[in-house]
Chemist: 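Would you mind keeping the following structure in view while I ask a few things?
Chain A is the first sequence line, chain B the second, and so forth, proteins listed ahead of strands; every chain is numbered from 1. Everything quoted here is computed from the prediction, not taken from an experiment.
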Amino acid sequence: MSVDDKPLNFLEQIIKKDLEEGVHQKLITRFPPEPNGYLHIGHAKSICLNFGLAETFGGECNLRFDDTNPAKEEMEYVEAIEKDVRWLGFQWAGEVRYASSYFDSLYEWAVHLVKHGKAYVCELSADEARKYRGTLTEAGQNSPYRDRPVEESLDLLERMKTGGFDEGSKALRAKIDMAHGNMNMRDPILYRIRKQAHHQTGDKWCIYPTYDFAHGQEDAIENITHSICTLEFADHRPLYDWFIENLPVPSRPRQYEFGRLNLNYTVTSKRKLKQLVDEGHVSGWDDPRMPTIAGYRRRGYTPASIRKFCDMIGVTKSDGVVDVAMLEHAIRDDLDKNAPRAMCVLRPLKVVLSNYTGTEMLTAAGHPNRDDLASRQLAFGAEIYIDKADFREEANKKYKRLVIGKRVRLRNAYVIEADEVLKNEAGEITEVKARVIENTLGKDPEDGVKAKGVIHWVAAHDCAEFTVNLYDRLFTDAAPDAGGKDFLSCLNPESLLVLEGCKGEKSLLNAEPGQGFQFEREGYFCRDEKSESLQFNRTISLRDSWAKIENK
RNA sequence: UGGGGUGUAGCCAAGCGGUAAGGCAGCGGGUUUUGAUCCCGUCAUGCGAAGGUUCGAAUCCUUCCACCCCAGCCA
C-alpha cells in the first residue's frame with residue numbers, strides 16, 4: 001500500500017483496530033504457496049496484500065511453503081517461487097519456512113487428539129467414506145471405526161507412520177460431527193498414507209497431514225496474527241478454529257478471507273496453466289503470454305507495475321472479474337514514465353532521399369520529458385527505413401504520414417517530401433523516393449508548408465537488425481475459464497507474431513537482457529532474457545487512437 | 001433442499017444515518033517533432049428488489065431475488 005490517503009480496506013481496518021486495542025503488539029502475516037506450480041497474477045495479489053500489510057503496519061511477513069502433498073510438489077517450483085517473490089520486491093522475515101519442518105509437532109498433536117478421544121483411525125476406503133459423508137442436504141453416518149478404543153487408534157496411527165499399511169487403506173480423522181451443515185466438520189481427514197518421497201523430508205514420512213490439519217497449526221507455530229486466505233476457505237474457518245481450540249498450540253491466529261483475483265481474457269488456475277505448459281501450447285511457465293509472474297517478467301512487466309495494479313484493484317470479499325485493461329494501464333503508466341525511447345522499424349520500407357549526400361549523426365532525447373535519461377546518437381543518411389504502415393501512395397486528410405507529394409516529419413530529424421514510388425512486378429511497393437526539405441532540423445519548413453505528422457525511421461547504413469516477438473492476448477474469449485467451455489478452444493492463434501529483420505537504431509545492440517524501451521509510436525518492448533540472438537518482446541502496444549479513427 | 005459468502009456505473013472500488021470518492025474503460029475538447037504522454041470536461045436523482053423505521057437511509061429493520069463457494073485421503 002502506498003502512503004497516500006487511500007481509504008483502508010477491510011483487512012487494514014481490522015488490523016488497525018487490533019493493534020490499537022492491543023489485541024496484538026505486532027502484525028505477523030504469511031504468504032503460504034504450495035510449490036506445485038509457478039506463481040501467477042492472482043498470487044501477486046496475495047503477495048502484495050500479505051507483504052504490503054506487514055510493510056504498512058510495521059510487521060513481518062513469512063514465506064512458507066505449504067508442502068503437505070509430495071505427490072504434486074517439486075523443488076523447481078520452490079526455487080521459482082522464491083525468485084518471483086523477491087523480484088516483486090518483497091523480503092520475507094527470517095528464513096524461508098516449510099510446513100514440512102513442522103511435521104513432528106503436527107504428528108504429536110494428532111496423537112494428542114487421539115488420546116483425548118477427538119480423533120480416530122478410520123479404515124473406510126475413499127469411496128466408502130464419501131458415502132458415509134452424506135450430501136449437502138443430508139447428514140452423514142458415523143464411520144464404524146469412529147468409536148474404536150483410543151489405544152487401538154494410537155497403535156494403528158503409529159504403524160501408519162512407519163509404513164505398515166497401504167495407501168488409502170487407513171486415515172486419521174477428527175471426531176467432530178457427521179451431521180454438521182458444514183461438510184468440513186464431518187470428521188475431516190487429518191492424515192493420509194502416502195508412500196512418497198518428499199522434496200524436503202525425503203522418505204522420513206509415510207503419512208502426510210492434510211491442509212486442514214496443517215495450516216492453522218503452522219500459523220500458530222509462526223505466531224501469525226492474521227492468516228489471510230481466499231474466500232473458498234471461509235468454510236474451513238470453523239475447522240481451523242476447532243484445531244486451534246483443541247490443541248496445545250503456542251498462539252491463537254485468526255483466519256480472514258478476501259476475494260481472489262479474476263482477470264478477463266486470462267486463466268488463473270494452476271491446473272490449467274500447467275496444462276498449457278505440459279501440452280506445449282506455450283513454451284513454458286515463463287512464456288511471455290503466461291499470466292505467471294515469470295511470464296510477465298519476461299514479457300517486460302515491471303515489479304512496480306504489478307504492485308500498482310494490485311493496489312488499484314483493491315481488496316474486498318466480493319468476487320468480481322477485473323478488466324485486463326487495468327493491468328495494461330499499470331504497465332503503460334510505469335513504462336511511459338521510465339522507459340528510455342528508441343526507434344525501431346518493424347516492417348521496413350526503404351526510402352531514398354535523392355537530395356541528401358553523405359551521413360551525419362543526430363542527437364535525440366532519451367525521454368521526451370526526463371532529461372536525466374541519457375540522450376542518444378542517431379545515424380542519418382540518404383537511405384532510411386520507415387514502416388510500411390507509414391506510407392501510402394494517396395490518402396485522405398486524416399492520414400498524417402508519408403504520402404506522395406506530401407510532407408512528413410522524420411522523428412528527431414528532417415521533414416521530407418515523397419516524390420515517387422517504385423514497385424516490383426507483383427505491384428508491391430519496394431522503395432519510395434523522397435527529398436529532404438532543407439533546414440528543417442528542429443524547425444518547420446521555411447516555405448510555411450508544415451508536415452502534418454511525425455513518423456519514426458532508421459538509417460539503412462548504420463542500424464541494428466533483430467527479431468521482434470509481437471505478443472497479444474493468449475485467449476480471444478473474455479472468460480475462457482467460465483462454465484462448461486473448453487478453455488483451449490479459446491486460445492488466440494495470433495497470440496505470437498514473430499517479425500524477422502526488424503531495423504532498430506544501433507544503440508539497441510547494447511540492450512541488457514530484460515531491459516525495457518519504448519519503441520516510439522509502436523509500444524513498449526524489452527530485450528528477451530533467454531534467447532541467444534538479439535530479440536525484443538513486445539510488452540504492450542501504445543494506446544492507439546488512430547486505430548479507432550481508422551476503424552470507424 | 002443444508003452450510004458459508006457477495007450484490008454501489010461497462011469493470012474495479014470508497015461509503016460505516018446527513019443527501020453517491022477515486023481508478024480503469026468510454027465519449028468530447030486542448031497541448032504535442034510519439035495519432036503516445038499530459039491537461040480539461042463528461043459519464044449513478046441512483047446503491048439487487050419491495051416494504052418499513054427516521055426530519056433524513058446505499059448505510060438500520062423485514063421479506064424477497066440473483067450470483068459465488070462447499071459433498072478430494074487437493075490446496
Chemist: Does A:S545 make a side-chain N or O approach to OP1 or OP2 of B:A36 shorter than 4.0 Å?
Modeler: yes
Chemist: Quick check with a 6.0 Å cut-off and a 45 degree axis cone: is A:K317 positioned over the face of A:F258's six-membered ring?
Modeler: no
Chemist: So which nucleotide from B:C73, B:A13, B:C74 ends up closest to the side chain of A:A171?
Modeler: B:C73
Chemist: Quiz question: going by heavy-atom distance under 3.5 Å, is there a donor-acceptor pair between the base of B:U33 and the side chain of A:R409?
Modeler: yes
Chemist: A:D66 has a side chain; which of B:A75, B:C16, B:G26 sits nearest to it?
Modeler: B:A75
Chemist: Of A:K400 and A:T137, whose closest RNA chain B nucleotide lies nearer the 5' terminus?
Modeler: A:T137
Chemist: A:A126 has a side chain; which of B:G35, B:C73, B:C12 sits nearest to it?
Modeler: B:C73
Chemist: At under 4.0 Å, does any side-chain N or O of A:K548 touch on OP1 or OP2 of B:G26?
Modeler: yes
Chemist: Examine the base of B:A75 for any acceptor or donor lying under 3.5 Å from a partner atom in the side chain of A:H236, and report the outcome as yes or no.
Modeler: yes
Chemist: Has A:R194 got a side-chain N or O lying under 4.0 Å from the OP1 or OP2 atom of B:C74?
Modeler: yes
Chemist: What is the distance, rounded to the nearest whole Å, between atom CE of A:M326 and atom C1' of B:G22?
Modeler: 11 Å
Chemist: Do A:R401 and B:G35 share a donor-acceptor pair, side chain to base, under 3.5 Å?
Modeler: yes
Chemist: Aromatic rings A:W205 and A:Y107: how do their planes relate, parallel, tilted or perpendicular, breaks at 30° and 60°?
Modeler: tilted
Chemist: Under a 3.5 Å cut-off for both distances, is B:U42 Watson-Crick or wobble paired, and to whom?
Modeler: B:G26
Chemist: If you only use heavy atoms from C-beta on, which nucleotide in B:G2, B:C74, B:G7 is closest to the side chain of A:M183?
Modeler: B:G2
Chemist: Is it true that a side-chain atom of A:R186 and a backbone atom of A:H180 form a donor plus acceptor pair closer than 3.5 Å?
Modeler: yes
Chemist: Determine, for A:Y120 and A:R148, whether the Lys NZ or Arg CZ falls below 6.0 Å from the six-membered ring centre while staying within 45 degrees of the axis.
Modeler: no
Chemist: Check this one for me: any side-chain N or O of A:R133 less than 4.0 Å away from OP1 or OP2 of B:G72?
Modeler: yes
Chemist: Toward the 5' end of RNA chain B, which comes first, A:L136 or A:E34, by nearest nucleotide?
Modeler: A:L136
Chemist: Can you identify which nucleotide, out of B:G5, B:U34, B:C24, has its nearest atom closest to the A:A325 side chain?
Modeler: B:C24
Chemist: Would one find a side-chain N or O of A:Q255 under 4.0 angstrom from OP1 or OP2 of B:G4?
Modeler: no
Chemist: Taking only the side-chain nitrogens and oxygens of A:R130, find out if one of them lies under 4.0 Å from OP1 or OP2 of B:G72.
Modeler: yes
Chemist: Could you check whether the side chain of A:R341 and the base of B:U34 have a donor-acceptor pair of N or O atoms closer than 3.5 Å, going by distance alone?
Modeler: yes
Chemist: Are A:W546 and the base of B:G35 stacked, counting only ring centres nearer than 5.5 Å and planes tilted under 30°?
Modeler: yes
Chemist: Is there a donor N/O on one and an acceptor N/O on the other, under 3.5 Å, for the side chain of A:Q518 and the base of B:U34?
Modeler: yes
Chemist: Ignoring hydrogens, what is the shortest heavy-atom contact between A:N338 and A:H367? Give both atom names and the distance.
Modeler: N-CE1, 4.3 Å
Chemist: Is the phosphate of B:A36 approached by A:R332 (side-chain N or O, under 4.0 Å from OP1 or OP2)?
Modeler: no
Chemist: Between B:G22 and B:C40, how far is it from one P atom to the other, in whole Å?
Modeler: 13 Å
Chemist: Between A:T135 and B:A71, does any side-chain N or O lie under 4.0 Å from OP1 or OP2?
Modeler: no
Chemist: Go through B:G35, B:G4, B:C68 for me and flag the one nearest to the A:A234 side chain.
Modeler: B:G4
Chemist: Quick one: the side chain of A:D235 and the base of B:G3, do they pair up donor-acceptor inside 3.5 Å?
Modeler: yes
Chemist: Any side-chain donor paired with an acceptor under 3.5 Å for A:S101 and A:Q200?
Modeler: no
